[in-house]
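Here the structure is laid out as structure tokens; the discussion comes afterwards.
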Amino acid sequence: MNRKILREGGHHLAMWAVALVMVLPFLWLLSSSLKTPEQVFSKEVDFIPDPIVWTNYTKSFEYMPVLLYTRNTVLITLLCTIGYLTSGSLVAYAFARIQWPGRDFLFIVLLATMMLPPQVTIVPLFVIFRHLGWIDTYYPLVVPSFLTGWPFFIFLLRQFFLSVPTELSEAAKVDGASHFQIYSRIILPLSKPALAVVAVFSFLLHWNDFFGPLIYLADDSKFTLALGLAVFKSNHPSEWGILMAVSALMLIPTILVFFFCQKYFVEGINLTGLKG
Amino acid sequence: MRNKRLSREGRREALTGFLFASPWLVGFLVFGLVPILLSMYYSLCRYDVLRPPMFIGLENYRYLFTESSTFYKSIYNTLYYTVFRVPLVVLGSLLLAMLVERQRPGVNVVRTIYYLPSIVSGVALSVIWLWMYNPQHGLVNEGLRAIGIATPPLWLESETWSKPAMILMGLWSIGGGRMIVFIAGLNGIPRHLYESAEIDGAGWWVRFRHITIPQISSILFLLTITEIITSFQVFTEAYIMTNGGPVDSTLFYNLELYNKAFLDYEMGLASALAWILFVGTLLVTLFLFKVVGSRVYYEAAKPE
């Protein structure tokens with residue numbers, strides 16, 4: 001019995017020790033963002049700055065148009081999410097609930113495109129968008145999502161739609177409902193969890209996206225937070241206080257989404273069928 | 001055959017299907033198939049975007065394999081990164097999952113804490129760790145000095161330590177999806193296996209090696225493959241933290257590709273690089289499926 005208690009205690013100790021290590025970078029980020037440059041470069045390690053100063057946050061708004069970049073990032077993220085939810089759910093419905101020639105073959109094609117490394121299409125896409133005159137606009141970042149740019153989401157939604165009982169849609173069909181009515185009145189309302197998973201993943205994907213804005217945006221008034229932070233970092237490589245303040249600001253929405261939508265993170269992973 | 005027998009209703013159904021699927025059909029053509037074909041063609045051309053592509057056959061490939069000074073370096077760096085990062089990250093997330101696998105007081109809070117770092121990514125992640133690794137004032141070296149290491153590494157500013165630094169920072173993010181998948185896998189192992197092993201006097205390591213590992217081998221295998229593929233594609237960290245330096249020690253494959261495409265405007269060369277990466281990834285994946293894959297599934301399926 002004693003050994004069991006000892007083992008349990010050891011386990012708890014290990015569990016919390018690792019948790020502490022995981023938290024340290026967050027604390028370090030937060031505390032650095034609340035320090036003056038003198039404190040940042042002092043010899044002692046202080047997690048609680050003395051005094052706590054907010055100047056890095058106020059200064060970050062002077063050095064870089066944080067609000068504008070936030071607005072830009074929100075706009076792109078929102079549009080992309082709407083794109084995935086609308087086009088993705090329509091296509092997923094086609095693959096899950098409609099009989100059409102070539103469907104099963106095309107589904108394999110869709111799975112294959114999930115495996116294709118994005119690098120293969122980077123150059124031609126850049127060339128295509130350039131011909132369309134879309135460089136330095138949001139079109140290259142947003143339009144693909146309305147054409148289901150991320151096949152993984154279709155896959156995820158299709159798997160979920162397949163699990164919705166067919167009795168409901170069969171009954172509706174007998175009553176003369178069209179596919180669009182079944183899709184919008186039965187399938188979508190029953191698939192809120194899966195749609196939420198797509199929304200959460202899409203948010204994370206685009207809020208943090210760097211490569212897209214890096215190659216397509218040129219005018220600094222169109223930058224996203226990620227690109228703005230990267231450019232600020234290369235122009236002011238030792239302004240650690242401000243860099244940490246901007247990073248913290250950028251993290252806040254992500255952390256909020258995480259806390260409010262925690263169950264969808266886990267659900268999303270289970271939905272993909274990677275349960276083993 | 002079936003098409004001939006399609007009734008009016010069947011044709012309507014098919015048309016509706018195409019309509020519903022049309023966003024993807026168009027997207028696949030415009031952002032998938034056409035770019036893939038173009039990319040193949042560009043890889044056989046000299047192309048700087050401003051002038052039309054000029055066909056030069058296999059010249060890009062010949063140049064990369066025989067003349068380029070950075071091609072092999074970037075492959076070496078990427079393989080180094082992958083070979084050390086993948087086992088660390090996969091085993092690390094397994095160990096993390098084992099810590100929080102069973103219900104215990106406080107376990108839900110700890111799981112949340114483990115998960116949280118994994119949602120930090122891209123530029124923010126790179127900037128935070130750049131500061132963590134700062135040789136004079138970063139938390140990592142402050143910590144190392146506190147435990148008596150007087151001259152800790154210069155990390156990202158050192159040719160030797162830059163890659164290990166980028167590999168080790170990956171350990172901060174292991175508590176995400178990978179951990180969740182392992183928790184689900186571990187919970188799926190029948191308890192009686194452990195109980196009977198314990199009665200037989202099997203120690204911790206024996207149980208881990210002969211029950212846990214075989215039971216979750218399919219998850220281990222799939223995660224290893226996805227992890228290899230993502231490691232091959234490392235970009236943002238290197239771009240932000242070191243821009244490939246010092247002395248090209250973090251010039252990873254994708255950074256090389258980006259430089260060729262968007263700094264030098266050598267679109268043909270960049271396309272060739274992309275295809276080499278694609279074929280390389282494919283070969284590695286097929287090799288693993290052939291050599292390891294068959295054994296994994298057999299072992300995993302047996303105890304059921």
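From a predicted model like this one, the values you see are computed outputs, not experimental measurements. Proteins come first, then strands; the chains are lettered A, B, ... in the order of their sequence lines, and each starts at number 1.
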Practice prompt. Measure from the ring center of A:W100 to the ring center of B:F20 and say whether it is less than 6.0 Å.
Written response: no

Worksheet entry | Check: A:F201 ring centre within less than 6.0 Å of A:Y264 ring centre | no

Heavy-atom distance under 4.5 Å to chain B: side chain of [X], backbone, both or neither?
X: A:V40; result: both
X: A:F47; result: side chain
X: A:R103; result: neither
X: A:L225; result: neither
X: A:F146; result: backbone
X: A:M15; result: both
X: A:T254; result: both
X: A:F203; result: neither
X: A:V120; result: both

Once rounded to the nearest 0.5 Å, what's the spacing between atom [atom1] of [X] and atom [atom2] of [Y]?
X: A:S33; Y: A:I242; atom1: OG; atom2: CD1; value: 11.0 Å
X: A:Y93; Y: A:S89; atom1: OH; atom2: OG; value: 11.0 Å
X: B:L130; Y: B:L125; atom1: CG; atom2: CG; value: 11.0 Å

Item to complete: Compute whether any side-chain donor of one residue and acceptor of the other, for B:S126 and B:Y239, lie under 3.5 angstrom apart.
Response: no

Worksheet item: Is there a side-chain contact between A:M244 and B:V127, using heavy atoms and a 4.5 Å cut-off?
Response: yes

Worksheet, complete the sentence: Of B:F28, B:Y42, B:F232, B:F182, the largest count of non-hydrogen pairs under 4.5 angstrom with chain A goes to B:Y42

Discussion item. Let's test your reading of the structure: which of B:V109, B:T112, B:T16 forms the most heavy-atom pairs below 4.5 Å with chain A?
Written reply: B:T112

When heavy-atom pairs shorter than 4.5 Å are enumerated against chain B, which of [options] gives the highest number?
options: A:F41, A:F210, A:W28; value: A:W28
options: A:I215, A:I154, A:L204, A:L24; value: A:I215
options: A:A226, A:S247, A:S87; value: A:A226
options: A:P151, A:A19, A:S178; value: A:A19
options: A:L116, A:I122, A:T113, A:V246; value: A:L116
options: A:F258, A:F211, A:W207, A:F180; value: A:F258

Worksheet item: Between B:V30 and B:V34, what is the shortest heavy-atom contact and its length?
Response: O-CB, 4.4 Å

Worksheet, complete the sentence: What one should report as the nearest heavy-atom pair of B:P214 and B:S217 is O-OG, 3.0 Å

